[in-house]
Amino acid sequence: MFPTASLTALLILAVSVVAKPIVVRDSFVTLPFAKQLNITGALDLVHKDQARAQALRTHGSAKADARVQGLSANTAVTSVGVTNVATVYVASVGVGSPATSYSLLIDTGSSNTWLGATKAYVKTSTSTKTSDSVSVRYGSGSFSGTEYTDTVTLGSGLTITNQSIGVASRSSGFTGFDGILGIGPTDLTLKTLSPDATSLIPTVTDNLASQGTIPTDLVAVSFEPTTSTSVTNGELTFGGTDASKFTGSVTYIGLTGTTPASEYWGIDQSISYGSGTTILSSTAGIVDTGTTLILIATDAFTRYKTATGAVLDNTTGLLRITSAQYSNLKSLFFTTGSTTFELTANAQLWPRSLNSYIGGSSSNIYLVVNDLGSPSGEGLDFINGYTFLERFYSVFDTTNKRVGFATTSFTTATSN
Ligand SMILES: *[C@@H]1O[C@H](CO)[C@@H](O)[C@H](O)[C@H]1NC(C)=O
Ligand SMILES: *[C@@H]1O[C@H](CO)[C@@H](O)[C@H](O)[C@H]1NC(C)=O
Ligand SMILES: *[C@@H]1O[C@H](CO)[C@@H](O)[C@H](O)[C@H]1NC(C)=O
C-alpha cells in the first residue's frame, strides 16, 4: 500500500500555484486562483472522477425532472461531487465592507456561492439577511444556512454589490476551505432557496454582467499542462477572453439540448482515433474543470482500449501502454459542429513525472482517457475534463448560450 499522508503533502507542494495579482485588462477581469491535485493514494484519481461523473449525472437528471414535473413537485435534488475532487481550485474572495477574505472553491459544476464552512461570516453594514434559507447537497457533503446579500470583492478592488451569499449554519464534508464560488449555469440554483424555491440566484458572473462591470456574462479558463514539480499557471477571466492565452481564434459551440448534459456546460461532440476509427458517435456530454481525466462512456472506452492496445493498470486505475505502443499512439479527434480539435498522443498521457503521485511506477506510461462508468446513450456520455482543458483554452458563455475552445501554445506540447 501507499504512504498516503506523505504522498498528499508532496503532491500539494508540488503543484500549488502562487496566486498572481488581479489584472483588469480593458473589459474583463482576471481572478487568480490556486490549484492543487488532491490525490490521496492509489486508484483515488479514477475513483474521484467517476464519483463526480455519477453525481453530475444523477443531479442533472433530478434537476431536469424537477423542471418537467413543475416546481411544486417535491423532487429531491441531490449531489454534485464538488468536494471530493482530484483537481481543486481555490480563490480568495472578499465579502462585506470592509471585506473579510474567504477561501472559496471554484466550481463550474454548481452555481451557489456560500461560505462559513470553516471561517465564520463577518457581518458589516453591507450584509443584508433575506427571508430565505438556502441549502445544497453535494456528492460528498452539504451545507444549509441563511441567505444574505452582500458586497463581494474579487481580487483587489473589483466589487459586486447585492450578491446572494449562503451563510452556512451547518455544513459537512468541507475541510481546508470556507465555501464555494459556484460558476456553473444559473439554473442549477433552482430550488436551493426556501420558501422562495422558484427564484434563481444570479452567480457572481451574472451580477458582474448585470451591474455593467463586464460586457458579457461569460467566464474563460486558461490552464497549462502540469509538468514536474514546477509552478503551474491557471487564469480565470470574467467577461472576455485573454488573447495572450490562446492561438488563432475561439470556436464557439451551441449548448446541447440533451439532458442531463444540458444542465451543465453541455455540448454535442464525436470522438475518433487516428485515421477514422470511431470511438464515440456524436452525442451529448459536458465540459468540466472539476473532472481531472477525459471520461468517455464504457463502450467508447472499450473501443479506445482496443485501438491503443492499452491494458487497465489495477494499481492506478488508468490505462497503461508500452513504449512501443506509445510510438504508434495516434491522435484523438474531438469533433463538434464543423470543427475538430486534435488531442495529440503526448496529450493523452498522464505526465510521467507525476506517475508516483498516483501510485504508478515512474517507468510506466499511463493514459488520461478513462471510463465514465455508464454506457453511451444516457445523455451525458463524456466529460472533457482538466486534461483536455490544459490543451485547449475554454470559454463558458451564458449570454450567447455556448462554449468555446481555442488551441494554445500548449496544445501540441510534448511535456508529458
Ligand atoms: C481531498 O480529498 C479528501 C478525500 O479524498 C477530502 O476529504 C478533502 O476534503 C479533499 N481536500 C480538498 C482541499 O478538497
Ligand atoms: C438583489 O439581488 C436579488 C437576487 O439575488 C434581487 O432579487 C434583488 O432585486 C436585488 N436588489 C437590488 C436592490 O438590486
Ligand atoms: C493486479 O493484477 C495482477 C495481475 O493481473 C494481480 O496479480 C494482482 O492481484 C492485482 N492486484 C489487485 C490489487 O487487484
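Atoms within a ligand are numbered from 1 in the order they appear, just like the ligands themselves. For this chain, numbers begin at 1 and follow the sequence in order. Side chains are part of it too, since the values below use all heavy atoms of this structure and drop only hydrogens, waters and symmetry mates.
For atom 7 (O) of ligand 2, no protein non-hydrogen atom is found at a distance below 4.0 Å.
Remark: Arg402 qualifies as a cation-pi partner of Tyr252 under the 6.0 Å distance and 45° angle criteria applied to the six-membered ring.
Scored by the ring-ring contact (aromatic ring centres under 6.0 Å, His included) test, Phe341 finds Phe392, Phe405 as partners (sequence neighbours excluded). The ring-ring contact (aromatic ring centres under 6.0 Å, His included) check on Phe246 picks up Tyr393, with sequence neighbours excluded.
Selection from Asn162, Ile201, Thr161 by nearest heavy atom to atom 1 (C) of ligand 2 gives Asn162.
The nearest heavy-atom contact from the protein to atom 4 (C) of ligand 2 is Pro202 CD, 4.0 Å.
For the pair Trp350 and Asn416, the minimum side-chain heavy-atom distance is 4.5 Å or more.
The residue Ser199 has no part lying near ligand 2, judged by heavy-atom distances below 4.0 Å.
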